[in-house]
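Below you'll find the structure, written out as structure tokens, and then a few comments.
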Amino acid sequence: MSLPEEQQRTQSVRIAVVSNDGETISRHFGKANSYLVVTVVDGEVVAQELRPKASHENFAGHQHETPEPGQPRGFGHGSAAKHRAMTETIGDCDFLIAGGMGQGAYQALREAGIETVLTDERDVSEAIQRYIQGDLPSLSDRLH
């Protein structure tokens, strides 16, 4: 027996998508300057907003660090603080969709409790719909 409709728990999630224009998924997490954040309730997108995102350009030097030999990318001096700055505007999100990212960013998102999906899908709307339907695989080869 199920609960009356008004007592059934509504499933609500927030999905952030790394994008510069809100339409195309950025191929590289660190270079993107915004997130499209969508709120999904019971499988339907009910709200969306474009949020700013810190990127490599916001940090001194404007260059991507070169890892020490044998060290994964994104774990060098100051990397943890940079990754926190890149993820702080999506702390209320459950999931992130990106075209690719380094190991350090991926780890920072995991530590923040944000499940990350790396995809070759380019269209934001298509990726969101595929994710809602459970048809958006995460591609480990997009992690560098």
Side-chain angles (χ1 to χ4, degrees), residues 1-59 62-68 70-76 78-144:
M1 180 180 232
S2 63
L3 293 172
E5 215 171 278
E6 64 272 7
Q7 291 181 340
Q8 288 182 8
R9 183 178 171 166
T10 301
Q11 185 178 3
S12 175
V13 296
R14 280 209 177 93
I15 303 169
V17 184
V18 181
S19 179
N20 286 324
D21 60 9
E23 297 175 9
T24 306
I25 297 172
S26 177
R27 302 285 48 154
H28 191 283
F29 174 80
K31 294 180 181 179
N33 60 23
S34 63
Y35 297 105
L36 179 70
V37 176
V38 297
T39 302
V40 178
V41 177
D42 295 330
E44 297 293 325
V45 175
V46 297
Q48 66 180 34
E49 63 179 302
L50 200 59
R51 294 184 187 176
K53 177 193 162 294
S55 69
H56 290 308
E57 292 181 8
N58 298 108
F59 305 110
H62 302 281
Q63 58 190 6
H64 202 30
E65 73 176 54
T66 303
E68 295 293 323
Q71 182 183 44
R73 193 177 200 169
F75 289 96
S79 292
K82 291 175 186 177
H83 294 136
R84 274 192 304 277
M86 289 183 192
T87 60
E88 67 184 7
T89 59
I90 58 166
D92 62 338
C93 292
D94 305 289
F95 305 97
L96 172 87
I97 299 172
M101 68 179 53
Q103 295 276 347
Y106 184 81
Q107 183 65 32
L109 287 157
R110 287 186 61 180
E111 290 171 3
I114 301 170
E115 182 181 322
T116 302
V117 176
L118 302 174
T119 183
D120 57 1
E121 178 66 57
R122 299 291 302 216
D123 183 83
V124 169
S125 296
E126 182 67 21
I128 291 167
Q129 287 307 312
R130 287 182 64 194
Y131 188 79
I132 291 169
Q133 296 167 359
D135 184 39
L136 186 68
S138 189
L139 307 174
S140 61
D141 65 334
R142 297 253 169 218
L143 191 61
H144 56 268

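Note that the structure is a prediction, hence the values are computed from the model and not measured.
- Partners of Glu121 according to the side chain to side chain donor-acceptor pair (under 3.5 Å) rule, which considers only residues two or more places apart in sequence or in another chain, are Arg130.
- Heavy atoms from other residues, nucleotides or ligands lying under 6.0 Å from CD of Glu44 number 12 at most.
- At least one side-chain heavy atom of Leu96 sits less than 4.5 Å from a side-chain heavy atom of Met101.
- The structure places OG of Ser34 at 4.0 Å from CG of Leu50, a figure rounded to the nearest 0.5 Å.
- A ring-ring contact (aromatic ring centres under 6.0 Å, His included) check over residues 106-130, counting only residues at least two apart or in different chains, returns nothing.
- Shortest non-hydrogen contact noted between Asp135 and Pro137 is O-CD, 3.5 Å.
- Side-chain contact check for Leu143 versus Gln103: some heavy-atom pair is nearer than 4.5 Å.
- Residues Pro52 and Thr89 share a closest heavy-atom pair of O-OG1, 3.0 Å.
- The side chain to side chain contact (heavy atoms under 4.5 Å, CB included) test applied to Ser138 returns Val117, Leu118, not counting sequence neighbours.
- Annotation: the span from Asp123 atom CG to Ile128 atom CD1 amounts to 9.0 Å, rounded to 0.5 Å.
- In this view, Asp141 satisfies the side chain to side chain donor-acceptor pair (under 3.5 Å) rule with no residue, not counting sequence neighbours.
- When the salt bridge (charged side-chain N to carboxylate O under 4.0 Å, His left out) test is applied to Glu49, the partners found at least two apart in sequence or on another chain are Arg51.
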(message) Between Thr119 and Arg142, is the side chain to side chain contact (heavy atoms under 4.5 Å, CB included) condition met? List the steps.
(response) CA-CA 7 Å; Thr119 183; Arg142 297 253 169 218; over 6 Å; no

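- At least one donor-acceptor pair closer than 3.5 Å links the side chain of Lys53 to the backbone N or O of Phe29.
- Checked against salt bridge (charged side-chain N to carboxylate O under 4.0 Å, His left out), Arg110 has no partners two or more places apart in sequence or in another chain.
- Evaluation of the ring-ring contact (aromatic ring centres under 6.0 Å, His included) test over residues 33-52, restricted to residues two or more places apart or in two chains, returns none.
- In terms of the side chain to side chain donor-acceptor pair (under 3.5 Å) criterion, residue partners of Thr39 (sequence neighbours excluded) are, by chain and number, Arg14.
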Donor-acceptor contacts, no H, no angles, side chain residues 16-25, under 3.5 Å, sequence neighbours left out:
from, atom 1, to, atom 2, distance (Å)
Ser19, OG, Asp21, N, 3.2
Ser19, OG, Asp21, OD1, 3.1
Ser19, OG, Gly22, N, 2.8
Ser19, OG, Thr24, O, 2.7
Asn20, OD1, Asn33, N, 2.7
Asp21, OD1, Glu23, N, 2.7
Asp21, OD1, Thr24, N, 2.7
Asp21, OD2, Thr24, OG1, 3.4

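- By the 4.5 Å heavy-atom criterion applied to side chains, Glu126 and Leu136 are not counted as neighbours.
- Arg27 pairs by the side chain to side chain donor-acceptor pair (under 3.5 Å) definition with nothing, not counting sequence neighbours.
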